[in-house]
Amino acid sequence: MLDLSKYQSIGAALNDALDNFADETCLIESDREREKERLTYRDFKQRAHLLAKALQDAGFKAGDRTAIIMTNQSKWLISAYAILYCGGVMVPLDYKLTPDEQWQLLIHSNATFLITEYAIWRQLAASSRRNEAIHVKTILVTEAPPNVALDGAQRWEDFQRRGEPTFVARMPTDVASIVYSSGTGGRPKGCMTTHENYLQQGHAITRIIAFEPGIRYLSILPTNHVVDFMMGFLLPFTSGATVVHLRTLRPEFVRDAFTRYKIAYMMLVPLILKNLKKGMEANFAALPKGKRAILNALIRVNRALTRGGPRLWLSRRLLRQVHRAFGGELRAFGVGSAFTEPATIQFFLDLGIPVANAYGLTEAGTAVSVNDPRTPRPDTVGKPLQGTEVRIVNPDPDGIGELSVRGKTVMAGYLDDPELTAETIVDGWLMTGDLGRVDATGHLQLFGRKKNMIVTEEAKNIYPEDIESVFEGLPVKEFCVFAANYIWPRRSMVGEQLVLVLRLEEGQTLTDDLRRDISARNNRLLNYKRVHGIVLFDEDFPRTASLKIKRNILAERLAQLDRAAAILPL
Amino acid sequence: MRTIDQTTQEVLDLASKHFQVPANSLAPDDDFFKKLGIDSLQALELLSRLENHFGIELPDYEVQGVSDFRTLASRIQSRL
């Protein structure tokens with residue numbers, strides 16, 4: 001493992017890693033059961049340098065922004081490394097957004113280069129918003145079938161030049177990437193993440209989760225997300241480990257990858273962990289009575305013997321069948337990006353499978369705290385990482401208040417939004433908008449949100465402002481979308497929902513036609529962004545002089561209503 | 001060769017069987033996430049079932065953003 005704290009930039013660290021571990025396998029790419037590619041660090045460098053040289057010959061300069069919109073695959077990482085090698089700034093965008101949303105963020109980021117896949121490009125090219133992105137000069141498209149017109153783009157595979165590209169050094173405080181934490185419908189929040197943010201974060205995480213040559217990481221969270229960029233690229237690569245990419249997320253192929261590739265680590269979101277638990281419980285329940293009794297007894301023995309912390313070698317023997325199903329070399333699941341229920345984590349701990357659950361946000365690098373799988377406390381999200389300070393602002397008598405974070409992992413700010421940056425980073429402290437407390441042992445516990453947003457179990461951050469545009473033109477006097485828990489706070493991180501608040505015209509009622517109109521508009525949103533209920537409010541919304549809704553005051557007034565009675569089902 | 005209407009009907013039949021809802025309760029323009037109350041992982045299960053039935057491979061990117069039966073059926077139809 002390279003000592004990341006000694007590097008100036010992630011490009012420099014990756015550059016050394018490619019030489020240090022030249023003969024190790026860095027990437028395996030599999031499409032369902034078919035292995036498509038296996039690259040050593042030497043192969044990776046060779047391919048990336050062909051791209052880096054072509055980029056430089058095309059006029060790419062230090063600080064130039066390049067958007068990447070790709071599913072998890074080798075060319076994502078090769079492209080990222082080539083950009084960093086040339087001193088560029090990555091703009092990783094979510095491939096699951098709609099083409100219009102992707103163009104919106106492309107325009108906001110001022111990216112001049114775009115690297116994407118053919119299936120995504122087909123949709124991007126057809127979007128009318130493309131015409132607004134005049135600064136996007138060079139578009140590279142991977143996996144385009146032969147003889148198709150690329151509509152102004154070039155083939156990634158053809159965009160390569162022989163010859164040595166020039167490594168461009170960057171300073172720790174230079175921006176390495178712009179990662180959007182939200183803002184597709186309203187105010188884009190482009191987190192400017194510096195090289196130091198990544199290096200500091202990586203250095204702290206490796207004290208808890210260790211990678212080394214031979215260790216395999218299964219990358220299924222999108223690489224555009226800071227978590228996979230860290231756990232599925234930066235850390236394994238700077239340790240000589242191997243990243244496995246699947247071109248599908250179908251559960252049967254993910255399961256198969258564990259045994260085929262002897263996976264040691266995988267990061268996932270709570271929904272997938274919960275689903276795994278459900279599947280395993282169903283398998284256990286289907287066992288003949290005798291075998292089930294033996295299994296339950298073994299689980300009890302394992303639980304007793306691992307009370308002080310996981311003992312992998314022991315659990316792998318005691319519960320051989322269970323561990324074999326995961327390939328036999330699984331060291332830990334990492335779970336984050338949304339709240340995980342303690343019972344789900346405990347289920348895996350009882351089977352001797354460590355789970356490192358974490359708490360973090362893009363604005364704070366990746367993770368603020370991680371539960372050390374060697375000494376897990378599933379009722380918490382672990383202790384703050386080394387170098388990260390956590391302070392509770394205005395704690396109540398139970399010690400619960402807004403979490404604020406300070407340290408070298410906190411972003412430089414939001415791109416082109418000094419006002420929002422100043423609201424979010426106050427005197428060097430990042431205000432997270434999450435409510436929590438630190439217990440006597442220094443573990444962090446979460447208790448809900450102070451901010452108007454929700455995070456789904458699939459780890460999707462939804463800001464109400466981002467989805468309101470779909471309801472524009474609704475025949476009502478006014479409307480507003482809220483997170484229900486923001487209006488009616490609960491000391492809970494589960495069951496978060498969005499509600500549509502309506503102020504009807506004088507004499508207007510909530511008719512079936514209006515309901516149908518709302519449902520039709522709601523259905524235009526991606527499923528995880530939809531509102532779950534309607535709240536009728538019989539006063540005009542409070543507004544500022546510039547007629548913006550005063551959301552916090554409106555929320556206070558709505559809070560006077562009884563939650564259960566106020567939310568009408570859609 | 002199936003017509004798009006036949007394909008759509010088979011998609012509806014399979015979905016109703018897989019998620020154990022009455023066949024006549026599903027319509028082509030229904031949003032399957034909402035109508036069946038399923039999450040993205042359960043939708044992937046349905047896709048696997050459909051692939052087996054139709055004898056095709058439907059890459060994840062082909063169904064990205066698809067949430068109604070009719071569009072899903074058209075993506076299947078184009079690969080038959």
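Throughout, a chain's letter reflects where its sequence line sits, starting with A, and its residues are numbered from 1.
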Side chain, backbone, both or neither: which part of [X] has an atom under 4.5 Å from a heavy atom of chain B?
X	value
A:N522	side chain
A:R32	side chain
A:R122	side chain
A:I272	both
A:K274	neither

Exercise. Between B:L58 and chain A, which part of the residue has a heavy atom less than 4.5 Å away: side chain, backbone, both or neither?
Worked result: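 Answer is both: backbone and side chain atoms of B:L58 are under 4.5 Å from chain A.
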Problem set entry | Segment of B:S48 engaging chain A (4.5 angstrom heavy-atom cut-off) |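 Both backbone and side chain.
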Problem set entry | Inter-chain contacts: residues 248-260 of chain A against chain B, heavy atoms under 4.5 Å |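 So the qualifying residues are A:T248, A:L249, A:R250, A:P251, A:E252.
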Problem set entry | More than 12 heavy atoms from other groups under 6.0 Å of CD on B:Q20 |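 12 or below, so no.
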For this session: Evaluate whether atom NZ of A:K278 has more than 12 neighbouring non-hydrogen atoms of other residues, nucleotides or ligands under 6.0 angstrom away.
Result: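 Result for NZ/A:K278: open.
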Going from [atom1] on [X] to [atom2] on [Y], what distance comes out if it is rounded to the nearest 0.5 angstrom?
X	Y	atom1	atom2	value
A:N523	B:K35	CG	NZ	10.5 Å
A:L570	B:K34	CG	NZ	5.0 Å
B:S67	A:R530	OG	CZ	5.0 Å

Problem set entry | Residues A:R34, B:E57: salt bridge by 4.0 Å N-O rule |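 Yes.
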